[in-house]
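Proteins get letters first, then strands, A, B, ... in listed order; numbering begins at 1 in each. Just the heavy atoms: all of them, side chains too, but no hydrogens, waters or symmetry mates, feed the values below. Everything numeric here is computed off the predicted structure, so don't read it as measured data.
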Amino acid sequence: MSQVPEDDLPEQLRIRREKRAAIVARGAEAYPVAVPRTASLAEIRERHQGLDVDVSTGVIESVSGRVIFKRDTGKLCFATLREGDGTELQAMLSLDKVGEEQLNLWKSEIDLGDIVSVTGEVITSKRGELSILAKSYNLAAKSLRPLPVEHKPLSEETRVRMRYVDLIVRPEARTNARLRPAVMRQLRESFNARQYIEVETPMLQVMHGGAAARPFKTFSNAYDMDLFLRIAPELFLKRCVVGGLERVFEINRNFRNEGADSSHSPEFAMIESYQAYGDWNTMADLTRGLVQEAAMAVYGTHQVVHHDGTTFDLGGTWREANLYDLISDGVGEKVTPQTSLEDLKKIAAKLGMKVDPKWITGKLAEEIFEHVTEGQLIEPIFVRGFPVDTSPLVRGHREVEGLVEKWDLYVQGFELATGYSELIDPVIQRERLVEQASLGAKGDLEAMNLDEDFLRAMEYAMPPMGGMGMGVDRLLMALTGLGIRETILFPLVKPEEN
RNA sequence: GGGUUGUUAGCUCAGUCGGUAGAGCAAGUGACUCUUAAUCACUGGGUCGGGGGUUCGAAUCCCUCACAACCCA
């Protein structure tokens with residue numbers, strides 16, 4: 001932030017700076033180290049419920065909060081204080097309780113947005129409003145900037161750029177900020193109840209892997225080498241299972257150097273978990289359990305109510321469908337894993353799709369799937385059986401040639417989670433990764449690397465297992481109906497020009 | 001990457017055909033001992049996102065850059 005000369009400041013900022021200076025000049029503190037506080041506003045409300053009109057309780061308390069409304073009348077002033085979770089309490093300052101000097105200072109020095117401490121008796125006003133009738137007050141922190149209008153919504157951009165202000169003025173912002181940790185807490189409890197162990201694996205990786213995505217690259221001065229921000233923790237979690245951590249999960253950030261839109265953020269929180277002796281079906285049950293338990297924890301029901309008021313049913317067992325059946329239905333002709341690349345290209349052309357010549361057969365099939373189901377798949381559905389050539393870490397389907405045991409969970413039209421029966425044969429795994437490396441050499445920027453240490457770990461024998469991954473931000477989206485940038489407190493925004 | 005729309009007071013937004021910049025809230029001064037988005041009176045506040053062009057004259061038309069939202073890939 002550049003330094004603006006004092007007299008170039010907008011009027012309202014200049015006036016507040018002058019008030020701060022005046023407070024300091026008369027020997028008071030604009031930013032004291034502590035202020036009196038005996039109870040939160042919520043505690044005062046809790047302890048003094050159901051009082052009649054115009055009651056004096058005789059109870060003296062000190063409370064603090066941000067001034068969000070201020071109504072100065074001649075000898076009796078009112079202010080509404082708000083604390084972090086949105087709880088509000090009225091403060092009253094009267095001439096006969098605080099004296100003329102303090103009342104005048106309150107009127108002249110305290111502005112909307114300031115944080116104050118008020119000490120006095122808990123009463124109800126003649127209109128019945130629970131209030132603190134001040135004996136004294138202290139400024140806790142002077143706000144040098146005016147609050148935005150309380151009754152008009154902030155523009156979307158300002159909400160994201162100044163989330164701290166958004167949190168002060170918008171109830172939904174406060175709710176959303178608290179919803180996320182509540183979901184995280186439940187996720188960990190759900191895993192814990194199933195005897196899963198939480199581990200933390202590297203975010204700075206020598207070699208990125210575990211997903212098809214372009215990474216962020218960085219450099220370590222100490223090690224004098226390139227490093228990557230991880231795109232997935234998969235290969236490290238599987239190493240854990242080799243070592244006997246039979247049920248593991250990790251909830252942490254992944255980074256993908258790709259486009260950002262209403263459901264993609266360059267950094268996003270991801271749950272991944274692996275269960276020895278499980279398979280894709282085990283992981284589907286686990287995933288449904290995690291989602292439903294999260295819904296129950298935050299809403300007390302599986303019928304979640306979105307921010308726009310619509311309800312969405314996450315309950316029951318969810319529909320399942322085969323990927324190639326959905327493709328066949330969507331394009332109106334039979335498509336199988338054996339359908340050739342050429343035939344798929346004809347279908348894509350008929351659909352008016354733009355085809356990247358680098359796409360391999362399975363990739364094109366998946367693109368056609370996304371094209372024909374665009375905007376559908378609203379109710380939760382497990383889409384099962386993906387092509388082998390795009391899923392190098394997944395075990396071959398036990399019944400259908402050319403497929404792997406992988407499902408994608410779709411909710412509200414977007415992909416919420418994915419689950420596998422994991423490939424555990426190190427010889428086949430090496431073949432698949434060699435194939436990926438050759439795709440990479442041909443210019444596929446999303447292709448996976450040959451991770452020799454991962455293959456060595458597999459050669460020590462990895463037990464049969466299932467694995468799953470779910471985006472935490474997307475889980476929040478499914479629970480709230482919000483866009484991804486509303487589920488993240490501080491999504492990336494380009495700096496404003498000065 | 002392509003297209004569309006937007007950027008005006010602290011905030012949210014108007015601004016007609018190109019002719020001296022508007023509102024509500026917020027702010028300043030004064031009045032008011034029961035207000036609840038208090039009320040009443042008066043007052044101040046603008047590089048109209050940045051740069052360039054057309055014109056006697058540009059918030060408005062054109063070009064360009066930045067940022068944002070939405071749609072498409």
Student: K494(A) side chain: which of C34(B), U33(B), A68(B) is closest?
Tutor: A68(B)
Student: Between E100(A) (CD) and C32(B) (C1'), how many Å, whole number?
Tutor: 15 Å
Student: I need the CG-P distance between D111(A) and C25(B), as an integer number of Å.
Tutor: 18 Å
Student: Identify the nucleotide, in any strand shown, that forms a Watson-Crick or G-U wobble pair with C70(B), with both distances under 3.5 Å; if there is none, say none.
Tutor: G3(B)
Student: C25(B) P sits how many Å from R71(A) CZ, rounded?
Tutor: 15 Å
Student: By the 4.0 Å heavy-atom rule, please label R485(A) as base, sugar-phosphate, or nothing.
Tutor: sugar-phosphate
Student: Return the pairing partner of C42(B) with a 3.5 Å limit on both distances, Watson-Crick or G-U wobble; otherwise return none.
Tutor: G28(B)
Student: When the P atoms of G19(B) and C62(B) are compared, how many Å lie between them, rounded to an integer?
Tutor: 15 Å
Student: So that I can tick it off, tell me whether E109(A) and K19(A) are bridged by a salt bridge, with the cut-off set at under 4.0 angstrom between side-chain N and carboxylate O.
Tutor: no
Student: Quick check for you: among A37(B), U36(B), U33(B), whose closest atom lies nearest to any side-chain atom of H151(A)?
Tutor: A37(B)
Student: Are Y420(A) and H397(A) an aromatic pair by the rule of ring centers under 6.0 Å?
Tutor: no
Student: Looking only at atom P, what distance separates C25(B) and C42(B), rounded to whole Å?
Tutor: 14 Å
Student: Looking at RNA chain B, which of residues 61-70 of chain A put a heavy atom within less than 4.0 Å of it?
Tutor: F69(A)
Student: Take atom C1' in A58(B) and the same atom in G51(B), then report the distance between them in whole Å.
Tutor: 15 Å
Student: Any carboxylate oxygen within less than 4.0 angstrom of a Lys/Arg side-chain nitrogen, looking at R47(A) and E61(A)?
Tutor: yes
Student: Pick the closest RNA chain B nucleotide for G74(A) and for M353(A) by heavy atoms, then say which residue is nearer the 5' end.
Tutor: G74(A)
Student: Using nucleotides 12-15 of chain B, report all nitrogen or oxygen pairs with the protein that are shorter than 3.5 Å.
Tutor:
unit_1: U12(B); atom_1: OP1; unit_2: S155(A); atom_2: N; d: 3.0
unit_1: U12(B); atom_1: OP1; unit_2: S155(A); atom_2: OG; d: 2.9
unit_1: U12(B); atom_1: OP1; unit_2: T158(A); atom_2: OG1; d: 3.4

Student: Taking the C1' atom of each, how far is C72(B) from G10(B), in whole Å?
Tutor: 38 Å
Student: Taking a pair as Watson-Crick or G-U wobble with both distances under 3.5 Å, which nucleotide is matched to U36(B)?
Tutor: none
Student: Heavy atoms under 4.0 Å, any strand shown: does K97(A) hit a base, just sugar-phosphate, or nothing?
Tutor: nothing
Student: Are the aromatic rings of Y410(A) and F369(A) close, with centres under 6.0 Å apart?
Tutor: yes
Student: Quote, to the nearest angstrom, the P distance that separates G18(B) from U39(B).
Tutor: 39 Å
Student: Rounded to the nearest Å, what distance is computed from the CD1 atom of residue I123(A) to the C1' atom of nucleotide U36(B)?
Tutor: 14 Å
Student: Please determine whether a side-chain nitrogen of the Lys or Arg among E43(A) and R37(A) lies less than 4.0 Å from a carboxylate oxygen of the Asp or Glu.
Tutor: no
Student: Can you tell me, in whole Å, how much space there is between the C1' of A66(B) and that of C56(B)?
Tutor: 32 Å
Student: Is the shortest distance from a Lys or Arg side-chain nitrogen in E258(A) or R214(A) to a carboxylate oxygen in the other one below 4.0 Å?
Tutor: no
Student: Looking only at heavy atoms, what is the nearest atom pair of A417(A) and M470(A), with distance?
Tutor: CB-CB, 3.8 Å
Student: Does a salt bridge link D473(A) with R180(A), judged by any charged N lying under 4.0 Å from a carboxylate O?
Tutor: yes
Student: Rounded to the nearest angstrom, tell me the gap between atom NZ in K19(A) and atom P in U29(B).
Tutor: 7 Å
Student: So which one's nearest nucleotide on RNA chain B is more toward 5', K107(A) or L13(A)?
Tutor: L13(A)
Student: Taking atom C1' in both G49(B) and A69(B), what distance in whole Å separates the two?
Tutor: 16 Å
Student: Please state how far atom CZ in R14(A) lies from atom C1' in A26(B), giving the value in whole angstrom units.
Tutor: 15 Å
Student: So which nucleotide does A21(B) pair with, by the Watson-Crick or G-U wobble rule with both distances under 3.5 Å?
Tutor: none
Student: Can you tell me if S64(A) and S117(A) form a side-chain donor-acceptor pair at under 3.5 Å?
Tutor: no
Student: If the plane angle is over 60° it's perpendicular, under 30° parallel, otherwise tilted; pick one for W106(A) and Y137(A).
Tutor: perpendicular
Student: Looking at C32(B), A68(B), A26(B), which one has an atom nearest to any side-chain atom of T73(A)?
Tutor: C32(B)
Student: So what does R161(A) touch, heavy atoms closer than 4.0 Å: a base, only the sugar-phosphate, or nothing?
Tutor: sugar-phosphate
Student: Side chain of F78(A) only, please: which of A26(B), C34(B), A38(B) is the nearest?
Tutor: C34(B)
Student: Counting only Watson-Crick pairs (N1-N3 plus N6-O4 or O6-N4) and G-U wobbles (N1-O2, O6-N3), all under 3.5 Å, who is the partner of G57(B)?
Tutor: none
Student: Is the shortest distance from a Lys or Arg side-chain nitrogen in R170(A) or E486(A) to a carboxylate oxygen in the other one below 4.0 Å?
Tutor: yes
Student: Between A9(B) and A59(B), how far apart are the two C1' atoms, rounded to whole Å?
Tutor: 14 Å
Student: Using a cutoff of under 3.5 Å, can you pull out all pairs of nitrogen or oxygen atoms linking the protein to nucleotides 43-46 of chain B, with atom names and distances?
Tutor:
unit_1: G44(B); atom_1: N2; unit_2: E11(A); atom_2: OE1; d: 2.1
unit_1: G44(B); atom_1: N2; unit_2: E11(A); atom_2: OE2; d: 3.4
unit_1: G44(B); atom_1: N3; unit_2: E11(A); atom_2: OE1; d: 3.3
unit_1: G44(B); atom_1: N3; unit_2: E11(A); atom_2: OE2; d: 3.3

Student: In a check of side-chain hydrogen bond (donor to acceptor under 3.5 Å, both in side chains) between E18(A) and each of R20(A), R14(A), R16(A), which one passes?
Tutor: R14(A)
Student: Will you find, in the side chains of R17(A) and Q12(A), an N or O donor that is under 3.5 Å from an N or O acceptor?
Tutor: no
Student: Please state how far atom NZ in K126(A) lies from atom P in U36(B), giving the value in whole angstrom units.
Tutor: 15 Å
Student: Is D54(A) touching bases, backbone alone, or none of the nucleic acid, heavy atoms closer than 4.0 Å?
Tutor: nothing
Student: Give the rounded distance in Å between these two atoms: CE of M162(A) and C1' of C11(B).
Tutor: 9 Å
Student: Do NZ/NE/NH1/NH2 and the carboxylate oxygens of D343(A) and K345(A) come within less than 4.0 Å?
Tutor: no
